[in-house]
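Okay, so here's the structure we're looking at.
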2 protein chains.
Amino acid sequence: MPYVPTGKLTDLPHGHPCETCPVRPITICRGLDAATLAGMRSLGTMQRLRSEQSAFHEGDPAKRVFMVTQGALKLYTLLADGRRQITGFMFPGDFLGVSVDEEYAFTVEALKNTELWWFSREAFDRFVGEHPQIERELYRLAAHELAEAQRQMVLLGRKAAAERLASFFLSLLERTERVSGERETSFDLPMTRIDIADYLGLTKETVSRMLAHLRSRGLIRLQSQSCVEVLDRDALRGMAQGETAEVLG
Amino acid sequence: MPYVPTGKLTDLPHGHPCETCPVRPITICRGLDAATLAGMRSLGTMQRLRSEQSAFHEGDPAKRVFMVTQGALKLYTLLADGRRQITGFMFPGDFLGVSVDEEYAFTVEALKNTELWWFSREAFDRFVGEHPQIERELYRLAAHELAEAQRQMVLLGRKAAAERLASFFLSLLERTERVSGERETSFDLPMTRIDIADYLGLTKETVSRMLAHLRSRGLIRLQSQSCVEVLDRDALRGMAQGETAEVLG
DNA sequence: CGGCGGATTGAGAAAAATCAACTCTCGTGG
DNA sequence: CCACGAGAGTTGATTTTTCTCAATCCGCCG
């Protein structure tokens with residue numbers, strides 16, 4: 001029976017302990033067994049990034065693939081006048097295999113101190129050639145990414161500001177649960193309000209206001225500026241899915 | 001040297017004559033050679049759809065994969081209250097291999113009379129198992145799709161209405177050129193204004209207004225309601241990339 | 001020729017962006 | 001240990017963009 005990603009860690013084919021992120025564009029983050037990952041790592045070079053340092057920039061020749069082992073990163077694209085769209089975040093266990101173009105189509109920048117491993121494209125291609133089962137896995141994972149990308153298109157194209165934030169929070173909560181393997185009621189926000197805004201297609205002010213709105217409705221509580229507690233998960237999900245006709249009330 | 005999709009038909013690895021679409025989410029449309037396609041077709045069943053008929057609906061069990069041979073289709077997702085996001089269009093040569101989930105995450109509906117071939121997932125999996133080189137090709141094509149999806153996120157998250165329309169038109173023009181293999185100055189719009197709006201995250205009225213705006217600026221001309229002639233390609237590209245600070249002038 | 005649906009245009013409303021002021025946090029140094 | 005300051009975050013007022021609602025136009029098919 002073919003492996004079908006469902007977003008639940010327990011459904012992974014090999015039970016690899018690496019966690020998953022709900023929001024990743026060209027990143028591939030799961031489904032490789034420990035031996036495979038060890039093999040990949042033996043080809044790789046470890047690199048530490050301090051907060052705000054970049055692994056690479058949009059337009060750099062795409063010579064490397066990456067795997068995150070610690071920390072968190074954001075992926076973004078800039079328009080000519082500086083407008084920025086964050087297309088995803090990366091967390092430990094996420095893999096970035098941009099075997100698509102000559103140049104990176106986006107910039108990858110650390111949200112905090114981060115450790116990652118990189119491999120040359122050639123070494124990676126050789127490795128994949130020697131491990132054919134990876135091929136299919138990569139395809140399935142890429143297809144899973146595509147489904148995520150579609151969800152993000154729905155969010156950006158059709159959801160109201162409060163719905164976007166609710167969706168984002170739900171994704172982060174579910175990711176936290178996949179990592180811990182337990183039911184969770186709170187999660188961490190390793191990114192700034194501006195980063196959230198640039199991911200959700202909003203401004204930092206709107207993010208702030210919608211945060212206040214979700215709070216005043218009793219859906220969430222801020223344990224700190226970067227820790228969100230979910231008080232009413234069903235209502236949050238309802239809002240994320242656009243069930244709430246009157247978003248502001 | 002690994003095959004790297006660049007969007008140009010001449011760069012395809014096998015020179016398969018099937019065309020490409022600029023806008024496709026989980027669709028995979030190129031890179032398979034004629035013999036492979038013939039093999040796939042021998043497994044498949046031909047199906048004709050009349051305009052507005054669906055190949056399948058969001059939530060249907062995902063038992064089939066598809067290949068388009070004639071016509072055009074739209075892929076969309078609905079929110080609870082009926083808001084719709086079109087995540088892509090499919091054209092002849094496009095392949096839809098949703099080997100991701102138990103259920104389709106979107107609806108596929110014909111824009112006009114359309115001919116497609118479907119295969120059961122099992123038959124397709126078997127076929128791919130017998131043709132391992134397809135595996136890698138599928139991964140590369142999916143990665144290419146992901147890059148497209150990212151571009152669409154930038155469009156939906158950060159571009160103004162006129163810029164979205166300009167980007168869309170440029171994509172369609174470039175696709176038309178890839179199909180014909182020649183420089184083109186006009187292209188067809190097989191979808192309604194509402195479809196365009198739902199693809200660009202706008203309303204039909206805004207699409208209409210921005211169309212008028214591009215026209216009044218001399219960037220395009222409407223040969224008919226569904227045929228756009230590009231008069232100033234550079235200006236259109238400039239607008240698509242967000243170079244125009246004053247979008248309305 | 002008539003009518004229907006798609007497309008356009010206009011006026012007003014709503015959502016979010018922008019601009020501006022202020023507050024809170026947190027790290028640093030006295 | 002506490003005061004300070006810088007940057008992040010919040011809140012408010014206003015503007016802009018896009019949406020919504022409504023009227024009309026147009027093209028196409030019967």
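Reminder, nothing fancy here: chain letters follow the sequence lines and each chain counts from 1.
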Between protein and nucleic acid, restricted to nucleotides 21-29 of chain D and to nitrogen or oxygen atoms under 3.5 Å apart, what atom pairs and distances do you find?
from   : atom 1 : to     : atom 2 : distance (Å)
D/dC21 : N4     : B/E205 : OE2    : 3.0

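Where A/V207 and B/T206 meet DNA chain C, the nucleotide closest to each residue was compared, and B/T206 sits on the side nearer the 5' end. Mapping B/S208 and A/L202 onto DNA chain C by nearest heavy atom places B/S208 at the nucleotide closer to the 5' end. Each of A/R158 and A/T192 lies near DNA chain D, and the nucleotide nearest A/T192 is the one positioned closer to the 5' end.
When each of D/dG9, C/dA16, C/dT8 is scored by its nearest atom to the side-chain atoms of A/R193, the top-ranked nucleotide is D/dG9. Checking D/dT11, C/dA16, D/dT18 against every side-chain atom of A/A212, the shortest atom distance belongs to D/dT11. Across D/dT10, C/dA16, D/dT18, the shortest atom-to-atom separation from the side chain of B/M210 is found for D/dT18. For B/L211, the listed nucleotide lying nearest its side chain is C/dT8; candidates were D/dT18, C/dT8, D/dG9.
Remark: B/R175 is positioned above the aromatic ring of B/F91, its terminal NZ or CZ atom under 6.0 angstrom from the ring centre and at most 45 degrees off the axis.
A distance of 8.0 Å separates CE in A/M191 from CD1 in A/I86, rounded to the nearest 0.5 Å.
Regarding A/L156, its CG atom lies at a distance of 13 Å from the P atom of C/dA16, rounded to whole Å. As a whole-Å value, the separation of B/R164 CZ from D/dT17 C1' is 11 Å. Note: CG (A/D198) to P (D/dA8) measures 13 Å, nearest angstrom. Distance B/I196 CD1 to C/dG6 P: 13 Å, rounded to the nearest Å. Counting to the nearest Å, the P atom of C/dA17 and the CZ atom of A/R83 are 13 Å from each other. Rounded to an integer number of Å, the gap from CD of B/E163 to P of D/dT17 is 11 Å. Whole-Å rounding puts the B/K159 NZ to D/dT18 C1' distance at 18 Å.
A side-chain donor-acceptor contact under 3.5 Å links B/E115 and B/T69. For A/Y76 and A/Q85, the side-chain atoms include no donor-acceptor pair closer than 3.5 Å.
Aromatic rings from B/F56 and B/Y104 are positioned such that their centres are separated by under 6.0 Å. Note: B/F89 and B/Y199 meet the aromatic proximity criterion, with ring centroids under 6.0 Å apart.
Among pairs with a residue in residues 198-210 of chain A, those fulfilling salt bridge (charged side-chain N to carboxylate O under 4.0 Å, His left out) read A/R84-A/D198, A/D198-B/R158, at least two apart in sequence or across chains.
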